[in-house]
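Note that the numbering runs from 1 along the sequence shown for the chain.
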Amino acid sequence: QDMGEALIARLRAGEQEARANKTRLYAEAGASDAAVSADAVGNVRSRVAQSLENDGRVIDGVLTPASARMMDELQRFASLNIENRAVGARMPTPAGEQPARAAVSVQGIEQARKRLVGLSRAATNDADRAAANRILREFDAWESDSFDNALFSGSPEALDTYRRARDANRDWRTRFGFNERDDADRLINRIVTGEVTPQEVSNWLVGASQVGAKGQSSRLLTRIAEATGGDAEAMQAIRGGVWNR
């Protein structure tokens, strides 16, 4: 019980701290003058679709409805259909002339990402959740590549702030199970976002009968160490719980 209570408290405190840090950095980046070229934005949906195809994932309106809506959202974003979020000319174009190309501000990009995250939360089956997470990861990769490959405009300070925000977001998602890489990630995420009991956490970690009998326990121990940065209090609680079991 002591072990479970200590780990729940430490993991939830760490998750709240990491989330607050990435939110603060995003707020700083959102106030900058940074933007990504329209050509880069136009390629995002095809990149995500190719990644899904490479993984062998089929997006279906009935079987994976949340992911299907996310792909529709990406199509709107790639078409620069972002209300009040595009930087650049939107005035009527004289006959015979090509329309002016726009760039999309970091505020517009974050607006699109928030919508994707919101849609992903509606996934209710494993296939839909896996596809939704893949879409989010590939969107993040596209965004990072756009900055790294000079498709970004704005001050160097704005770029630095935005990269730090992205790194903080990646750290938060990885440490606290939002990427759902395996069963241990899912358990970590349940601890920080759901209703779990200290006894449940204890049984997941040391097993109901034999310590280390399940590979899940070993993976969960590794994830807890990563999430807490090897926090001495958390590690001591685990040692005490294992010894008592």
Side-chain angles (χ1 to χ4, degrees), residues 1-26 55 57 63-67 70 113-114 116-137 140 165-245:
Q1 287 295 107
D2 288 344
M3 177 179 68
E5 289 172 1
L7 293 178
I8 289 172
R10 181 63 185 85
L11 286 168
R12 288 182 177 174
E15 189 274 333
Q16 291 169 5
E17 180 182 351
R19 175 154 42 90
N21 181 52
K22 65 105 176 175
T23 300
R24 176 183 60 80
L25 288 170
Y26 270 129
D55 281 354
R57 301 192 184 279
L63 301 178
T64 56
S67 300
M70 291 172 75
R113 192 180 191 286
K114 287 177 182 178
L116 290 174
V117 170
L119 291 170
S120 73
R121 291 177 181 143
T124 58
N125 62 68
D126 290 342
D128 207 3
R129 280 190 291 268
N133 283 327
R134 183 64 187 174
I135 291 170
L136 287 174
R137 288 197 300 271
D140 288 346
R166 300 301 311 147
D167 289 344
N169 181 65
R170 188 180 302 109
D171 174 71
W172 170 69
R173 292 185 63 84
T174 301
R175 286 170 56 202
F176 298 103
F178 290 94
N179 287 335
E180 293 194 11
R181 293 166 292 179
D182 56 21
D183 53 353
D185 266 2
R186 288 188 285 275
L187 293 179
I188 287 285
N189 194 255
R190 281 188 62 186
I191 293 171
V192 299
T193 64
E195 294 296 327
V196 298
T197 67
Q199 191 62 52
E200 285 178 308
V201 175
S202 173
N203 286 338
W204 291 338
L205 192 59
V206 300
S209 57
Q210 182 179 353
V211 175
K214 294 182 178 180
Q216 172 184 279
S217 300
S218 177
R219 290 188 292 274
L220 181 58
L221 176 59
T222 299
R223 292 291 188 276
I224 290 174
E226 292 173 354
T228 64
D231 178 72
E233 180 181 346
M235 296 302 102
Q236 181 57 40
I238 292 172
R239 284 191 289 270
V242 170
W243 178 259
N244 285 327
R245 178 59 56 87

Asn21 and Arg24: side-chain donor and acceptor closer than 3.5 Å?
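Looking only at side-chain atoms, Arg24 and Asn21 do form a donor-acceptor pair, the distance falling under 3.5 Å.
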Given side chain to side chain contact (heavy atoms under 4.5 Å, CB included), test Asp128 with Leu63 step by step and report yes or no.
CA-CA 7 Å; Asp128 207 3; Leu63 301 178; over 6 Å; no
Straight-line distance of [X] [atom1] to [Y] [atom2], nearest 0.5 Å:
X      : Y      : atom1 : atom2 : result
Glu5   : Gln199 : CD    : CD    : 10.5 Å
Glu15  : Phe176 : CD    : CZ    : 6.5 Å
Leu187 : Leu11  : CG    : CG    : 11.0 Å
Asp140 : Arg170 : CG    : CZ    : 7.0 Å

In this structure, which one of Asn189, Asp185, Asp183, Thr228 forms a side chain to side chain donor-acceptor pair (under 3.5 Å) with Arg223?
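Exactly one candidate clears the test, Asp185.
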Over all atoms of both residues, closest heavy-atom pair of Glu226 and Arg175
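The pair with the smallest heavy-atom distance is O-NE, 3.9 Å.
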Work out which heavy atom in Met235 is nearest to a heavy atom in Ala225; give both atom names and the distance.
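Heavy atoms of Met235 and Ala225 come nearest at CE-CA, 4.0 Å.
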Pair Ile135-Ser120, side chain to side chain contact (heavy atoms under 4.5 Å, CB included): steps then yes or no
CA-CA 9 Å; Ile135 291 170; Ser120 73; over 6 Å; no
Mind checking side-chain contact (heavy atoms from CB on, under 4.5 Å) for [X] and listing every partner two or more places apart, or none if nothing turns up?
X      : result
Gln236 : Arg239
Ala127 : Thr64, Asn125
Leu119 : Arg69, Met70, Glu73

